[in-house]
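FYI, side chains are in, hydrogens and waters are out, and symmetry mates aren't considered; it's all heavy atoms of this structure. Protein chains get the first letters and strands the later ones, always in sequence-line order, with residue 1 at the start of each.
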2 protein chains.
Amino acid sequence: MKSRITQSELDVMDVLWAESPLAAADVVHKLSGSKNWNPRTVKTLLARLVEKKALTTQADGRRYLYSPLVSKDDYAAKAARSLSNRLFGGRAAPLVAHLAGADGLSEDDIAELEALIANMKNMDIKS
Amino acid sequence: MKSRITQSELDVMDVLWAESPLAAADVVHKLSGSKNWNPRTVKTLLARLVEKKALTTQADGRRYLYSPLVSKDDYAAKAARSLSNRLFGGRAAPLVAHLAGADGLSEDDIAELEALIANMKNMDIKS
DNA sequence: ATGTATGGACTACATATGTAGTCAATAATG
DNA sequence: CATTATTGACTACATATGTAGTCCATACAT
């Protein structure tokens, strides 16, 4: 019954995905630019993430250092598959189509996708 | 300040995206296979979706017929872009990469993506 | 040593969400 | 017509979530 990471909690995870382990005060500091949160709020979110087993702590003297237990890649993959299944029948193309605005994806996006697809085709051949 | 459609509410939207307008009893019936919900629950979700302006109602005698105000495409597009921005830096390729398991996407997915990309390149040329 | 700042543990409280129950009007049925 | 079933309106209540506050122990500065 692993509870879901919420929006606010995800903001905290982002900080720790970028750099870890960090003390609560560091996380507070890194969020101070983007979020207007009371340090208490950040502490609460950290505690909830530990409860949810999304973070672990290691003692550092009197305080804790926090590190992710869930990698961003894993989290992102699950979120992507969940969205794909829930709204796009588990198919990739409709999802990608909906990412684009009226005028398609950017050149860069298209180039990256082509490279990715070429790569996946290779994987397929090798197996 | 349009509140977000929740998971349970989305199940209701799905029914009405598939066919509308429908009376509450019809929605209840269509959900009875997949969800083990009390009809009251479905009614509550319908009412909340009307509040959130995701559905409209038209009177049909003593009851209401519900229809989506938000199309599935719009909703899905917003959800897809939101996920992409939140977790993949707004780029399409990493999202697609994370959709795949260890062994890449299915042949069908790859074929569909290629077709989609070819199409988007055409759009690009025309404009 | 003594006051003050800092850090974690626990508590708080409004709103959201999942999941229903109650009530009153009305439609359908015997 | 009297009874029952249906429907929307309103209410309920536990848990989740956003956003903090309080308390207490301890580290640090004087």
| remark: When rounded to whole Å, the NZ to P distance for the pair B:Lys35 and C:dA20 reads 12 Å
| query | Going from CG on B:Leu83 to NE2 on A:His98, what distance comes out if it is rounded to the nearest 0.5 angstrom? | reply | 14.0 Å
| Touch check for B:Thr41, heavy atoms < 4.0 angstrom, all strands: base, sugar-phosphate only, or nothing? | base
| message | Return the NZ to CG distance between A:Lys30 and A:Leu22, rounded to the nearest 0.5 Å. | response | 6.0 Å
| For the side chain of A:Glu9 and the backbone of A:Thr6, is there at least one donor-acceptor N/O pair under 3.5 Å apart? | yes
| task | Using a cut-off of strictly less than 4.0 Å, decide whether B:Trp37 has a side-chain nitrogen or oxygen near OP1 or OP2 of C:dT19. | result | yes
| Do B:Arg40 side-chain and D:dT7 base share a donor-acceptor contact under 3.5 Å? | no
| query | Which whole-number value in Å describes the distance from A:Leu46 CG to C:dG8 P? | reply | 9 Å
| According to a strict under-4.0 Å criterion, is B:Thr44 in side-chain N/O contact with OP1 or OP2 of C:dG18? | no
| query | To the nearest Å, how far apart are A:Arg48 CZ and C:dA9 P? | reply | 15 Å
| query | Can you check the A:Leu49 CG to C:dG8 C1' distance for me, whole Å? | reply | 16 Å
| said: Measure NZ/B:Lys52 against C1'/C:dG18 and give the value in whole Å, please. | reply: 11 Å
| task | Please report the C-alpha distance between B:Val96 and B:Leu105 in whole Å, then the side-chain angles of each, then the deciding distance to 0.1 Å, and finally whether the side chain to side chain contact (heavy atoms under 4.5 Å, CB included) criterion is met. | result | CA-CA 9 Å; B:Val96 173; B:Leu105 294 174; 3.8 Å; yes
| message | Nearest heavy atom decides the nucleotide; on that basis, is B:Ala23 or A:Gly61 closer to the 5' end of DNA chain D? | response | B:Ala23
| Does B:Asp74 reach the main-chain N or O of B:Val70 with its side chain, forming a donor-acceptor pair under 3.5 Å? | no
| Nearest of C:dG7, C:dG18, D:dG8 to any side-chain atom of B:Tyr64? | D:dG8
| note | Atom CG of A:Leu45 and atom P of D:dG18 are separated, to the nearest Å, by 7 Å
| query | If you look at every strand shown and take non-hydrogen atoms under 4.0 Å, does A:Asn36 touch a base, only sugar-phosphate, or nothing? | reply | sugar-phosphate
| query | Taking the side chain of B:Arg62 as heavy atoms from C-beta outward, which of D:dT6, C:dG8, D:dT19 is closest to it? | reply | D:dT6
| request: Please state how far atom NZ in B:Lys43 lies from atom C1' in C:dG18, giving the value in whole angstrom units. | output: 17 Å
| request: Establish, with yes or no, whether the OP1 or OP2 oxygen of C:dG18 is under 4.0 angstrom from a side-chain nitrogen or oxygen of B:Thr6. | output: yes
| field | Spacing between A:Glu51 atom CD and D:dA16 atom C1', to the nearest angstrom | value | 12 Å
